[in-house]
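The analysis underlying the following values was restricted to heavy atoms, covering all of them including side chains, and did not include hydrogens, waters or symmetry mates. Start at 1 with the first residue, then count along the sequence. Both ligands and their constituent atoms are indexed starting at 1 by order of listing.
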Amino acid sequence: MNKPAFRTEPVSFARRGGKINNRQQRAWDALAGSHLLDFPRLANDTSIDPEHRFDQAAVFGRKARLVVEIGSGRGEAIVKAAADNPDTDFLALEVYIPGIAATLVAMQNQHVDNIRIALLNATEALDTMLGPASVDELWVFFPDPWRKLRHHKRRLVTASFAAQAARVVKPGGVWRLATDWQHYADQMLQVLEHSPDFASSGDWDPRFDGRVITRFEARGTHGGHSIRDLSGIRLDPSTMGS
Ligand SMILES: C[S@@+](CC[C@H](N)C(=O)[O-])C[C@H]1O[C@@H](n2cnc3c(N)ncnc32)[C@H](O)[C@@H]1O
């Protein structure tokens with residue numbers, strides 16, 4: 001069945017304030033043509049034509065491990081990780097234009113070339129853009145917590161999101177999560193525990209040392225919140241149930 005040309009589900013983001021400063025505009029002008037992915041849209045400017053496929057080898061011009069970060073914000077984590085791991089390809093999925101612009105500035109400052117950015121609702125990337133079993137690591141760090149009960153339906157990390165993640169993460173690959181919001185952390189733990197596709201410890205992980213402290217994490221810590229790291233290892237479907 002064809003997808004409708006409009007969204008029928010609530011999205012996990014609220015786009016506010018699209019203004020970027022002069023420095024960000026200069027980085028955008030210099031890098032967007034080569035590092036911001038261009039693809040056909042479907043319903044609006046955060047959607048993607050479901051026929052479009054991400055061709056990692058063509059985009060990066062090489063074969064390498066692929067790390068995908070959903071909701072990369074200002075790019076603090078992904079730019080540092082890309083600078084530290086030049087042999088890995090990184091794909092940032094983000095809908096917030098000033099965040100993307102800040103990421104481009106950081107890429108320029110740190111001379112990082114192994115990141116591409118898609119201005120895209122990440123769930124659509126999981127559904128259609130990314131190939132099955134094509135991702136080595138999937139990162140979801142400090143997703144919007146949607147604190148109010150009536151907004152919980154907008155949270156990204158749910159059982160159905162886990163199934164979408166399972167489609168793209170390769171067997172043995174890792175899905176990493178972090179949050180400072182305990183109620184959401186508990187939800188994430190349950191999602192991992194109940195997922196038939198990921199193996200998890202059933203407990204919090206030690207802090208992932210590949211993650212720098214972003215302003216969201218710092219805000220949580222200053223607010224007295226515990227930072228919770230979690231992860232799941234993608235099970236191999238060919239050996240599952242055997
Ligand atoms: C609270 S911020 C955290 C940013 C970053 N991970 C950090 O730790 O600093 C969450 C980010 O996720 C983005 N986001 C939320 N839902 C998204 C979606 N479905 N697709 C892409 N980006 C999304 C928001 O625009 C926002 O920039």
Side-chain angles (χ1 to χ4, degrees), residues 7-20 24 36-37 39 41-48 54 67-82 90-107 115-130 135 137-148 151-158 160-165 168 175-181 183-185 187-188 207-223 225 227-231:
R7 291 200 174 104
T8 53
E9 301 291 326
V11 289
S12 58
F13 53 88
R15 291 174 94 198
R16 294 190 196 91
K19 283 223 168 106
I20 63 178
Q24 291 173 338
L36 187 62
L37 299 182
F39 44 78
R41 305 285 177 178
L42 184 66
N44 54 45
D45 64 355
T46 58
S47 68
I48 187 166
F54 174 67
V67 175
V68 175
E69 183 176 17
I70 291 182
S72 48
R74 301 174 59 82
E76 294 141 291
I78 202 166
V79 174
K80 172 70 166 63
F90 289 83
L91 176 63
L93 304 174
E94 180 53 71
V95 291
Y96 183 52
I97 288 174
I100 292 175
T103 305
L104 293 170
V105 171
M107 286 167 63
I115 299 180
R116 298 296 179 273
I117 307 171
L119 196 176
L120 178 61
N121 175 15
T123 56
E124 298 184 38
L126 300 184
D127 280 343
T128 59
M129 181 183 96
L130 294 166
V135 173
E137 291 203 20
L138 182 69
W139 294 355
V140 183
F141 298 150
F142 303 94
D144 299 286
W146 294 109
R147 295 179 171 86
K148 292 181 183 153
H151 289 151
H152 284 181
K153 60 179 179 291
R154 301 189 68 154
R155 286 183 174 170
L156 190 66
V157 181
T158 60
S160 62
F161 181 86
Q164 290 169 303
V168 302
W175 177 20
R176 297 186 189 282
L177 301 130
T179 182
D180 69 317
W181 194 248
H183 188 275
Y184 203 2
Q187 176 170 327
M188 291 174 179
R207 190 177 193 287
F208 171 45
D209 61 8
R211 199 183 79 236
V212 293
I213 296 178
T214 67
R215 63 177 61 190
F216 282 98
E217 177 165 358
R219 199 184 292 167
T221 306
H222 289 143
H225 302 175
I227 306 301
R228 300 299 193 193
D229 277 73
L230 306 92
S231 62

**Identity and separation of the nearest protein heavy atom to atom 20 (N) of ligand 1** = A122 N, 2.8 Å
**Message:** Quick check against the 3.5 Å criterion: does E76 have a side-chain atom that pairs as donor or acceptor with the backbone of T214?
**Reply:** no
**Request:** Identify the heavy atoms of R211 and A178 that sit nearest to each other, and give their distance.
**Result:** NH1-CB, 3.5 Å
**Request:** Below 4.0 angstrom from a heavy atom of E69, which ligand 1 atoms are there? Numbered from 1 as shown, please.
**Result:** 6 (N)
**Closest protein heavy atom (residue, atom, distance) for atom 17 (C) of ligand 1** = S12 OG, 3.5 Å
**Item:** Exercise: identify the closest heavy-atom pair between S72 and E94
**Value:** N-OE1, 3.2 Å
**Prompt:** Of all the non-hydrogen atoms in the protein, which one sits nearest to atom 24 (C) of ligand 1, and at what distance?
**Reply:** E94 OE2, 3.3 Å
**Complete:** Ranked by distance from atom 3 (C) of ligand 1, the top protein heavy atom is F142 O, 3.1 Å
**Request:** Within a distance under 4.0 Å of any heavy atom of L93, pick out the atoms of ligand 1 and give their elements.
**Result:** 21 (C), 22 (N)
**Item:** Numbering as shown, the atoms of ligand 1 that approach T214 to under 4.0 Å (heavy-atom distance)
**Value:** 7 (C), 8 (O), 9 (O)
**atom 4 (C) of ligand 1: nearest protein contact (heavy atom, Å)** = G71 O, 3.4 Å
**Asked** Counting from 1, what ligand 1 atoms have a heavy atom of G73 closer than 4.0 Å?
**Response** 4 (C), 27 (O)
**Request:** First locate atom CG of L42, then atom CD of E124, and finally report the distance between them rounded to the nearest 0.5 Å.
**Result:** 7.0 Å
**Message:** Show, in sequence, the C-alpha distance, side-chain angles and deciding distance for I227 and D229, and conclude whether the side chain to side chain contact (heavy atoms under 4.5 Å, CB included) test is met.
**Reply:** CA-CA 7 Å; I227 306 301; D229 277 73; 4.1 Å; yes
**Message:** Could you tell me, atom by atom, which parts of ligand 1 come under 4.0 Å of a heavy atom of Y96?
**Reply:** 25 (O)
**Prompt:** Quick one: which ligand 1 atoms are inside 4.0 Å of a heavy atom on N121?
**Reply:** 18 (C), 19 (N), 20 (N)
**Asked** How far apart are the closest heavy atoms of A125 and L120, and which atoms are they?
**Response** CB-CD2, 3.7 Å
**Request:** Could you grab the distance from atom CD1 of I115 to atom CE of M107, nearest 0.5 Å is fine?
**Result:** 5.0 Å
**Request:** Taking all heavy atoms of L130 and all of L126, pick out the closest pair and write down the distance.
**Result:** CD1-CD2, 4.2 Å
**Message:** Only heavy atoms of F141, strictly under 4.0 Å: list the atoms of ligand 1 that pass.
**Reply:** 3 (C), 5 (C), 6 (N), 8 (O)
**Asked** Does R155 reach the main-chain N or O of P145 with its side chain, forming a donor-acceptor pair under 3.5 Å?
**Response** yes
**Item:** Protein heavy-atom partner closest to atom 15 (C) of ligand 1 - residue, atom, separation in Å
**Value:** D144 OD2, 3.2 Å
**Asked** Of the protein's non-hydrogen atoms, which lies at the shortest distance from atom 21 (C) of ligand 1, and what is that distance?
**Response** L120 O, 3.4 Å
